[in-house]
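Along the sequence shown, residues carry numbers from 1.
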Amino acid sequence: MNHEAILKSKKTILFAEKRRMTRIVIGSPHHAPGGVENLPCKEHPDADENSGIIARRVAEKLRASSIIACNYHIDANKNLGTDYSLQIAKWKPKYLIEIHGHSGKKTGNHRHRKTGEKAKTRIEISSGSESRNELSKKFASVLQKKLEQNPELKTLTVYGDFNEIRFTASKTATITSGNWKALHIELPPMLRKNGKKLPKIANGFINILEETIAEVCK
């Protein structure tokens, strides 16, 4: 079974790949294959369908290490004692980039409800707290400019201000620990799902995301 076949299966597995670079680690703690909406995890039952495939392809392009919790039975990124978190710590990265997925429904938080109007085309980026806003806002700005230059992706809107997002990751240990600089990226379904497969536009997005990581995470 090849690597992507593992991610497209319903196996419960922690899929870690050490590549040339460990300074940047790309993670996906809630991956399930397209069509699998629920994880075998009481704490986090909602699956981020196909997020691991995106994470792995970005990591391959960067030659960065990657770690994907596939169809996992625990909420892998919520404390630093999980096998997922411990493997990241062993690599001692400078940056951790986690790929997640939201439902495409209204995502604006209670302070900015109007921002939920474009949920289907909305990407949210957080560094876990308002005090770390500088990194997430810079990343969002660079990513937005690159997306606007792509005819297929220019309708996407990127938010990186902690005060304007719903998915703040403020209780996510791998994002807030301070052991590395972290980015929590929430992608809409249009970038992750076309039936069970990745949509074709995901290829262009993966290229742009890799370029943005290389530019910002130095």
Side-chain angles (χ1 to χ4, degrees), residues 25-32 34 36-39 41 43-59 66-69 72 75-78 84 95-130 132-133 135-144 146-147 153 155-176 181-193 198-199 201-202 205-206 208-210 212-213 216-217:
V25 171
I26 312 296
S28 173
H30 304 131
H31 167 75
V36 177
E37 297 181 353
N38 297 307
L39 299 172
C41 173
E43 295 76 22
H44 194 293
D46 296 328
D48 297 344
E49 295 171 62
N50 290 334
S51 61
I53 295 175
I54 294 173
R56 186 176 186 277
R57 290 186 184 180
V58 170
S66 61
I67 183 161
I68 302 163
Y72 228 46
D75 196 355
N77 65 342
K78 291 304 187 294
Y84 172 89
Y95 290 93
L96 170 66
I97 316 292
E98 280 193 354
I99 309 297
H100 299 262
H102 66 75
S103 66
K105 298 177 182 178
K106 188 172 182 179
T107 58
N109 66 19
H110 66 284
R111 288 168 289 182
H112 293 264
R113 293 189 183 278
K114 67 180 181 179
T115 60
E117 294 172 1
K118 296 182 178 180
K120 292 182 180 179
T121 57
R122 182 183 179 91
I123 297 170
E124 291 198 354
I125 301 174
S126 177
S127 288
S129 69
E130 191 171 6
R132 297 187 179 99
N133 227 5
L135 176 60
S136 56
K137 287 172 69 175
K138 179 180 179 180
F139 194 93
S141 177
V142 173
L143 180 59
Q144 183 72 72
K146 292 181 183 294
L147 291 173
L153 299 169
T155 60
L156 290 162
T157 307
V158 189
Y159 293 82
D161 188 335
F162 188 83
N163 295 300
E164 294 183 347
I165 59 177
R166 175 182 175 186
F167 303 105
T168 62
S170 60
K171 296 181 180 180
T172 300
T174 53
I175 303 299
T176 62
K181 296 180 180 181
L183 289 165
H184 179 280
I185 302 177
E186 287 276 353
L187 303 179
M190 66 174 285
L191 289 174
R192 299 181 292 108
K193 298 191 295 180
L198 276 181
I201 62 169
F205 177 76
I206 287 166
I208 289 173
L209 183 57
E210 181 269 330
T212 304
I213 293 170
V216 176
C217 301

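Residue Glu98 comes nearest to Thr174 through the heavy atom pair OE2-OG1, 2.8 Å, listed as atom of the first residue, atom of the second, then distance. Ala47 and Asn38 make their closest contact through CB-N, 4.1 Å (heavy atoms, listed as atom of the first residue, atom of the second, distance). Across Phe162 and Ser170, no two heavy atoms sit closer than the pair CZ-CB, 4.4 Å. Between Ile67 and Tyr84, the shortest heavy-atom contact is CD1-O, 3.5 Å. Residues Thr168 and Ile165 approach most closely at CG2-O, 3.7 Å, considering heavy atoms. When all heavy atoms of Lys146 and Ile208 are compared, the closest pair comes out as CB-CG2, 3.5 Å.
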*Would Ile99 and Asp48 count as a side-chain contact (heavy atoms from CB on, under 4.5 Å) if you check the C-alpha gap in whole Å, the side-chain angles of each, and the deciding distance to 0.1 Å?*
CA-CA 9 Å; Ile99 309 297; Asp48 297 344; over 6 Å; no
*Can Ile97 and Val58 be said to form a side-chain contact (heavy atoms from CB on, under 4.5 Å), step by step?*
CA-CA 10 Å; Ile97 316 292; Val58 170; over 6 Å; no
*Please step through side-chain contact (heavy atoms from CB on, under 4.5 Å) for the pair Leu39 and Asp75, ending with a clear verdict.*
CA-CA 9 Å; Leu39 299 172; Asp75 196 355; over 6 Å; no
_Steps toward side-chain contact (heavy atoms from CB on, under 4.5 Å) verdict (Leu147, Ile123)_ = CA-CA 11 Å; Leu147 291 173; Ile123 297 170; 4.1 Å; yes
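Under the 3.5 Å distance criterion, the side-chain polar atoms of Ser141 are left unmatched by any main-chain donor or acceptor of Lys138. Side-chain atoms of His102 come within 3.5 Å of backbone N or O of Arg122 as a donor-acceptor pair. Within the 3.5 Å criterion, the main-chain N or O of Gly34 finds a donor-acceptor partner in the side chain of Asn50. Put simply, the side chain of Ser136 never gets that close to the backbone of Ser126: no donor and acceptor are under 3.5 Å apart. Here the side chain of Gln144 pairs a donor or acceptor atom with the backbone of Leu156 at under 3.5 angstrom. With hydrogens and angles ignored, the 3.5 Å screen pairs no side-chain donor or acceptor of Asn77 with any backbone N or O of Thr172. Judged by distance alone, with hydrogens and angles left aside, the side-chain atoms of Arg192 form no donor-acceptor pair with the main-chain N or O of Ser51 at under 3.5 Å.
For His100 and Phe167, the gap between ring centers reaches or exceeds 6.0 Å.
The side-chain contact (heavy atoms from CB on, under 4.5 Å) with Ile53 is formed by just one residue from the set Ile68, Leu198, Ile206; it is Leu198.
Between Leu183 and Cys217, some side-chain heavy-atom pair lies under the 4.5 Å cut-off. At a threshold of 4.5 Å between non-hydrogen side-chain atoms, the residues Lys120 and Met190 do not count as touching. Side-chain contact between Asn133 and Ser127 is absent, with no heavy-atom pair separated by less than 4.5 Å. Side-chain contact between Leu143 and Ile125: present, with at least one pair of heavy atoms (C-beta onward) separated by less than 4.5 Å. Using a 4.5 Å heavy-atom threshold, the side chains of Leu187 and Phe205 count as touching.
No donor-acceptor contact under 3.5 angstrom links the side chains of Thr121 and Thr155, judged on distance only.
In this structure, NZ in Lys137 is found 8.5 Å from CG in Asn163, a value given to the nearest 0.5 Å. Put simply, CG on Asp46 and NE2 on His30 are 9.5 Å apart, with the number rounded to the nearest 0.5 Å. Within the model, atoms CD1 of Ile54 and NE2 of His31 stand 10.0 Å from one another, a figure rounded to the nearest 0.5 Å. Rounded to the nearest 0.5 angstrom, Glu124 CD and Glu164 CD are separated by 9.5 Å.
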